[in-house]
Student: 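Have a look at this one.
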Amino acid sequence: MTTTAPPARATRTDDAPVPARRARTRARRREHMACGVLMTPFLILLVTVFLIPVGTAVWLSFFSDDQPGLGFGPEETVFVGLRSYTAVLTDPTFLGSLGTVALYCLIYIPLMVIGALALALLLDSGVVRLRAWAQLGLFLPHAVPGIIAALIWLYLYTPGLSPVVDVLSKGDIHIDFLGVNTVLPSIVNIALWSNLGYNMVIFYAALQAVPREVIEAAVVDGAGPVRTALQVKAPLVRSSIVMVAMFTLIWAMQLFTEPVLLSQSSPMINSRFSPSMYIYDAAFTRNNYGLAAAASVILLLCTVALSYGVTRWTNRSQKEAAR
């Protein structure tokens, strides 16, 4: 009678020697500690500069300073629930400011992304001479503080002071840069002048990581410079394009500095021109901190929703392109 040997058991990690398991446990523990140490500064900043201010704004939005007794009693802080949110969402000036920022984003974001990418592709192609000096010249406007940049352009936009307006007038070209139809493009021009070089540097750095073998293969296949730039280089820096577009969107939703300074010379810009100006006016002119907090929370939700939409649309586009 023949007997068959029992099948060999599959080795498992649980059957490993005790010292080996302890060594792996210690290694995992060290990795977790290292991750915790590296993440601690980020978490501290996240809580300090984001979560605490957002929580404070949400808390303030549910309260308001009221005067009982037909307005003759002492002022006291009372819980009003969603009253501030209702007031903001039914205020035509706030809805108009949202429409202004939406139009600003539709003009500014495509010009910013396309312009910065075009400059980066031009520098990467090697056509531009003195490339380092060209990068420095394009980046320098970003080093100018936003307030100073707005003051410079306010001088160039103001009739009677601006040499640009004087030269155009001598050529029988009359443009009111702060008029009803031109004030928004004028603000877009200031933002482009300040930030185009910064985003160009981001795209140029991403293009430096593109494998040279891919570009050489495209050239061997007969692709010209324009086709190589649009069909080879640009798709390979898609992630940088998405990042720049998202950060530009977040920045554009907080439009404040340029219209505030231009409002000193243009009647087309009022104190509630943008949502950020509406919040500033509610808090420091009308002293209604509950209304300002509610508007801040609504602006935050709009920004988060738009950023999430851009991310989802980009991921879907990448999956369809991969297919």
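What you see is a predicted model; the values in this text were computed from it and never measured. The chain is numbered in sequence order, starting from 1. These values consider heavy atoms only, across backbone and side chains, with no hydrogens, waters or symmetry-generated copies.
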Student: Hey, could you give me the CG/CD1 distance between L261 and I148, rounded to the nearest 0.5 Å?
Tutor: 9.0 Å

Student: Answer yes or no: is there a side-chain heavy-atom contact under 4.5 Å between P275 and M253?
Tutor: no

Student: Is the side chain of S263 donor-acceptor paired with the backbone N or O of V260 at a distance under 3.5 Å, no angle test?
Tutor: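 Yes.
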
Student: Does atom OH (Y308) have a neighbourhood of more than 12 heavy atoms from anything else shown, all under 6.0 Å?
Tutor: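 Not buried by this count: 12 neighbours or fewer within 6.0 Å.
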
Student: Once the angle between the rings of F79 and F63 is folded into 0 to 90°, is it parallel (under 30°), tilted (30 to 60°) or perpendicular (over 60°)?
Tutor: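 F79 vs F63 ring planes: perpendicular.
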
Student: Can you see whether D176 engages Y157 through a side-chain donor-acceptor pair at a distance of less than 3.5 angstrom?
Tutor: no

Student: I'd like to check I187 versus F273 (side-chain heavy atoms, cut-off strictly below 4.5 Å). Are they in contact?
Tutor: yes

Student: Side chains of L299 and S276: closer than 4.5 Å at any heavy-atom pair?
Tutor: yes

Student: Should the ring pair W193 and W153 be called parallel, tilted or perpendicular, given that the plane angle runs from 0 to 90° and is split at 30 and 60?
Tutor: perpendicular

Student: Is there a side-chain contact between V47 and L45 (heavy atoms, below 4.5 Å)?
Tutor: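 No; the side chains remain at least 4.5 Å from each other.
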
Student: Find out whether S97 and V101 are in side-chain contact, i.e. whether some heavy atom of one side chain is under 4.5 Å from a heavy atom of the other.
Tutor: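 Not touching, per the 4.5 Å side-chain cut-off.
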
Student: Specify the closest pair of heavy atoms between T158 and S265, including all atoms of both residues, with the distance to one decimal.
Tutor: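 Minimum heavy-atom contact is OG1-OG, 4.4 Å.
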
Student: With a 3.5 Å distance limit and no angle check, can you tell me whether T182 reaches the backbone of G179 through a side-chain donor-acceptor pair?
Tutor: yes

Student: Are the side chain of S240 and the backbone N or O of A206 linked by a donor-acceptor pair below 3.5 Å?
Tutor: no

Student: Does the side chain of L178 come within less than 4.5 Å of M268's, by heavy atoms?
Tutor: no

Student: What verdict does the side chain to side chain contact (heavy atoms under 4.5 Å, CB included) test give for Y85 and L82, after you've listed the backbone C-alpha separation in whole Å, the side-chain angles of each residue and the deciding distance to 0.1 Å?
Tutor: CA-CA 5 Å; Y85 291 95; L82 299 177; 3.9 Å; yes

Student: In terms of heavy-atom contacts, does CG of N287 have more than 12 from other residues, nucleotides or ligands at under 6.0 Å?
Tutor: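 Yes - once you tally the heavy atoms of other residues, nucleotides and ligands closer than 6.0 Å, there are more than 12.
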
Student: Suppose we call two aromatic rings close when their centres sit under 6.0 Å apart. Are Y108 and W251 close by that rule?
Tutor: yes

Student: Say whether, by atom type as modelled, one donor and one acceptor occur between the side chain of T248 and the main chain of V244 under 3.5 angstrom.
Tutor: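 Yes, the answer is positive, given that a donor and an acceptor are paired below the 3.5 Å cut-off.
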
Student: Locate the shortest heavy-atom distance separating R212 from L207; write the atom from each residue and the value.
Tutor: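 The answer is NH2-O, 3.0 Å.
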
Student: Just wondering, more than 12 heavy atoms not from F247 lying within 6.0 Å of its CZ?
Tutor: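 No, the 6.0 Å shell around CZ holds no more than 12 heavy atoms from other groups.
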
Student: Identify whether NZ of Lys or CZ of Arg in R286 sits under 6.0 Å from the centre of the six-membered ring of Y280 and within 45° of that ring's axis.
Tutor: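 R286 over Y280 ring: no.
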
Student: Quick one, T25 and R28 - any side-chain contact, counting heavy atoms below 4.5 Å?
Tutor: yes

Student: Look at the side chain of S162 and the backbone N and O of V165, then say whether any donor-acceptor pair between them is shorter than 3.5 Å.
Tutor: yes

Student: Answer yes or no: is there a side-chain heavy-atom contact under 4.5 Å between L138 and Y198?
Tutor: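 No, their side chains stay 4.5 Å or more apart.
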
